[in-house]
Amino acid sequence: MTGTGYLLSHSCSWHFLKFDAMFRYLLLVFTWQLALSLYAQDHGFSCDVQYNLKSVRLASVNWSELPDDSAGYKAQPFLAPEPGSSASGIKRQIDAGRQRRFTAKTLDKYIQTPENIRPVLEADYNGLPIGGAGIPNDNNMAISNDGFVVSVVNSIVTMFDKDGNHIGFKSLNAFVKGALPNLDRTYDPKVTYDPQANKFILVFLQGSLSADTRIIVGFSESSDPTQDWNFYAINGNPFGGAYWSDYPIIGISESDLFITVNILRDNGSWQDDFIQSLIWQVDKESGFSGSDTLYQNVFSNIKYNGKSIWSICAVQEYPTPGKDEMYFLSVRPGDLSNDTVFLHQIRGAQRSNNSKYYLEVMKTPLKYGVPPTAYQPRVGFRLQTNDARVLSALKVGTHMQYVQTTSIPGSDPSGIYHGTIDLIKREISAHYIFSDTLDYAYPSIAFSGYANTTASEYGSVITFSHTSELDFPGTSAVFHNRLPGNPPLYSPVIRIKEGEGIINTFVADTAERWGDYTGIQPKYDEPGVVWMAGSYGMDRERNGVWIGKVRVNTLLEPELDSESVIAYPNPLSERVSIRVSLKKSTEVIVELHDASGRLTKELFEGMMPSGSGEFYFHKGGMRSGLYFLTLRNANDRSVLDTYRVMIPD
């Protein structure tokens, strides 16, 4: 198909007072630290916490000893619950303004962004070779350093070896058969790989009424997911009443598993009966070791100005899980247009009995909003896109990235919202990823950078579902990267899997359930390699699962108009990277001066090649304050560039 791709961007920062830049910046940092310490005095926020709730180990189950359960799965007739949302009325309003432009499928292609950083699709295969997908086709996956792939979808688990060979297939019901009573309605599976423990964690939901709602959590005992797992059931209605848990999102720290869920009212409208979101903090080690008791904390009554914050997304830290802290993001997902971002944090391990919750409200420069439903190539057949909740997020160093489905101002189709948060500067920058003819939805994001380069905090791969009037539903991906101080760069959108037909498994001639999320994870021991799982339209109007592996090159070289020097990170940490960019090979001197201009250190003197070069230094016992890097030509000592840096207290 012929079309034009677009990416719009903007950035903003918070400025409290018009002081000199150095003092304004120090004020920002100080204000943030003070806000955290005085959180309890801020009456706009509320959060309750209960410590050391207990779940008894139900069973240890060996995967390889269970029979495959494709027949049992196919007999399950239920439709998984819709994710809680109040956006249906807004979506109807948006959809009423959309008009189809095409009535036939073509095979033309389009180019969205620069070709030279296109990801390489190195492997891909059918993620559901046996059995049929549930409704909706919620995709998630994890891959170990040994190459085991665990792929989950409503309501099954499929495993593959490192070469993509199919190992086995189990329904969620069969996986824990005999261990959990009344396990009859399983859905919304999530799976993650813990690179530090070299083990897997599986989470899924049981029941959509207060009488039987449970959060099922399984921990593999070893690096081999085909062997023993320990299963526990967390109460999906911990406070009583006619309520149940829906839509889990998971993340891990060094010590804990975090599960966020939305609490909904029994037998009510999923659009209007949201009550609150919970954060469960679960001790990982007791689960991996198969302890008789699994301990948890639960954070509830999470409100801003008296209103419950809705749908909280864990922020996964890379390249390894963070130590004794976890960030979370949420927005106002059911609005036509909004710019609010809630940044949550929990500090302290579950075992400390002293975990604390913090909240900051930020503003993003580009608006997000409820997306329209998506078109398919057959007239009258559309796909649901849900609301604008944050679906996936990552943290590397002092930067976060997050993604959500959104409407695009001034554009017709549904698109992807990609935000970046600088945790030091308290800045958000944002970008829309969209096409003039394709609908994009259900993004997820994973780190793809190398830990020892200046691009390490920014390299990421985003996968999402695509469809259009001319394209059957499939799975796509885009690579994002940037250098510090430079604008972001996005690759062309690549197709992980082309659709082969429309999706029409449950609802005729209206908005079909598409899939509430996709899955993505880096291969932790192979920097630059990212695996993902998504849905696609099969023949006979079914939805399938496709798994893909991409490799990206995160090492960027800027197009140089002049010589430059930068430091990373800034403000400076103990070990600082200095990056020098030159139009031609030159002998240079790099110096560090204090705010008054006095020479503090000579950091480098010697020949550097054209392009970008890098070296490191340790700031040692240098005093906090404002400094300037100076790049000089060693021959005539002329100044080629200066760069302002901060050393924090």
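Taking 4.5 Å as the limit, some side-chain heavy atom of Thr320 sits within range of a side-chain heavy atom of Gln196. Tyr517 places none of its side-chain heavy atoms less than 4.5 Å from the side chain of Asn139. Taking the side chain as every heavy atom from C-beta outward, Tyr417 and Pro443 never approach each other to under 4.5 Å. At a threshold of 4.5 Å between non-hydrogen side-chain atoms, the residues Ile421 and His399 do not count as touching. The shortest side-chain heavy-atom distance between Val331 and Tyr368 falls under the 4.5 Å cut-off. Side-chain contact check for Met326 versus Pro321: every heavy-atom pair is 4.5 Å or farther apart. Put simply, the side chain of Val176 does not reach to within 4.5 Å of the side chain of Thr186, judged on heavy atoms. The side-chain heavy atoms of Thr420 and Met400, taken from C-beta on, include no pair separated by under 4.5 Å.
Taking a cutoff of 4.0 Å between a charged side-chain nitrogen and a carboxylate oxygen, Asp256 and Arg351 do not qualify as a salt bridge.
A side-chain donor from one of Thr385 and Lys91 sits under 3.5 Å from a side-chain acceptor of the other. Side-chain contact, Thr340 with Lys363: a donor N or O sits under 3.5 Å from an acceptor N or O. Residues Thr158 and Ser151 have side chains that never bring a donor and an acceptor to within less than 3.5 angstrom of each other. Judged purely by distance below 3.5 Å, without hydrogens or angles, the side chains of Arg185 and Ser208 pair a donor atom with an acceptor atom. A donor-acceptor contact under 3.5 angstrom links the side chains of Gln281 and Ser355, judged on distance only. With no hydrogens or angles considered, a side-chain donor-acceptor pair links Ser210 and Asp266 at under 3.5 Å. Inspection of the Ser277 and Asn262 side chains reveals an N or O donor paired with an N or O acceptor under 3.5 Å. Counted by atom type alone, Ser460 and Gln401 present one or more donor-acceptor pairs between their side chains at under 3.5 Å.
A ring-centre distance under 6.0 Å is found for His431 and Tyr490. Taking the six-membered ring for Trp and the full ring otherwise, the centers of Tyr187 and Phe204 sit at least 6.0 Å from each other. Ring pair Tyr458/His480: centre-to-centre distance not below 6.0 Å. Side-chain rings of Phe328 and Phe258 approach one another, their centers coming within less than 6.0 Å.
Take Phe299 and apply the ring pair (Phe, Tyr, Trp, His ring centres under 6.0 Å) test, not counting sequence neighbours, and it matches no residue. Qualifying salt bridge (Lys or Arg N to Asp or Glu O under 4.0 Å) partners for Lys497, counting only residues two or more places apart in sequence or in other chains: Glu500. Residues satisfying the ring pair (Phe, Tyr, Trp, His ring centres under 6.0 Å) criterion with His344, sequence neighbours excluded, are Tyr357. Remark: Trp229 pairs with Phe175 by the ring pair (Phe, Tyr, Trp, His ring centres under 6.0 Å) rule, at least two apart or across chains.
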Chi angles and distances behind the side-chain hydrogen bond (donor to acceptor under 3.5 Å, both in side chains) call for Gln276, Ser300:
CA-CA 8 Å; Gln276 64 168 316; Ser300 61; 4.6 Å; no

Going through the checks in order, is the side-chain hydrogen bond (donor to acceptor under 3.5 Å, both in side chains) test met by Gln350 and Asn52?
CA-CA 8 Å; Gln350 192 282 326; Asn52 289 324; 3.0 Å; yes

What verdict does the salt bridge (charged side-chain N to carboxylate O under 4.0 Å, His left out) test give for Arg382 and Asp95, after you've listed the backbone C-alpha separation in whole Å, the side-chain angles of each residue and the deciding distance to 0.1 Å?
CA-CA 11 Å; Arg382 295 174 294 139; Asp95 289 344; 3.4 Å; yes

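Atom CD of Glu360 sits about 9.0 Å away from atom CG of Leu423, to the nearest 0.5 Å. Interatomic distance, CG of Leu383 versus OG of Ser465, reported as 9.0 Å (0.5 Å rounding). Note: Tyr327 OH to Ile346 CD1 = 12.0 Å, rounded to the nearest 0.5 Å. Atom OH of Tyr442 sits about 6.5 Å away from atom OG1 of Thr405, to the nearest 0.5 Å. Between the CG atom of Asn173 and the CD1 atom of Ile216 there is a distance of 10.5 Å, given to the nearest 0.5 Å. Between the OG atom in Ser330 and the CH2 atom in Trp310 there is a gap of 11.0 Å [rounded to 0.5 Å].
The salt bridge (Lys or Arg N to Asp or Glu O under 4.0 Å) contacts involving residues 309-329 comprise Glu254-Lys323, Glu317-Lys395, where partners must be two or more places apart or lie in separate chains. Applying the salt bridge (Lys or Arg N to Asp or Glu O under 4.0 Å) definition to pairs two or more places apart or across chains, those involving residues 399-419 are Arg98-Asp412.
Taking the centre and axis of the six-membered ring of Tyr232, the NZ or CZ atom of Arg214 falls outside the cone set by 45° and 6.0 Å.
Nearest heavy atoms, Gln404 versus Tyr402: OE1-CE1, 3.3 Å.
Among Ile259, Leu391, Thr260, the single residue meeting the side-chain contact (heavy atoms from CB on, under 4.5 Å) criterion with Ile249 is Thr260. Of the candidates Ser414, Ser435, Pro371, Tyr440 forms a side-chain contact (heavy atoms from CB on, under 4.5 Å) with just one, namely Ser435.
The aromatic rings of Tyr193 and Tyr524 sit tilted, their planes meeting at an angle between 30° and 60°.
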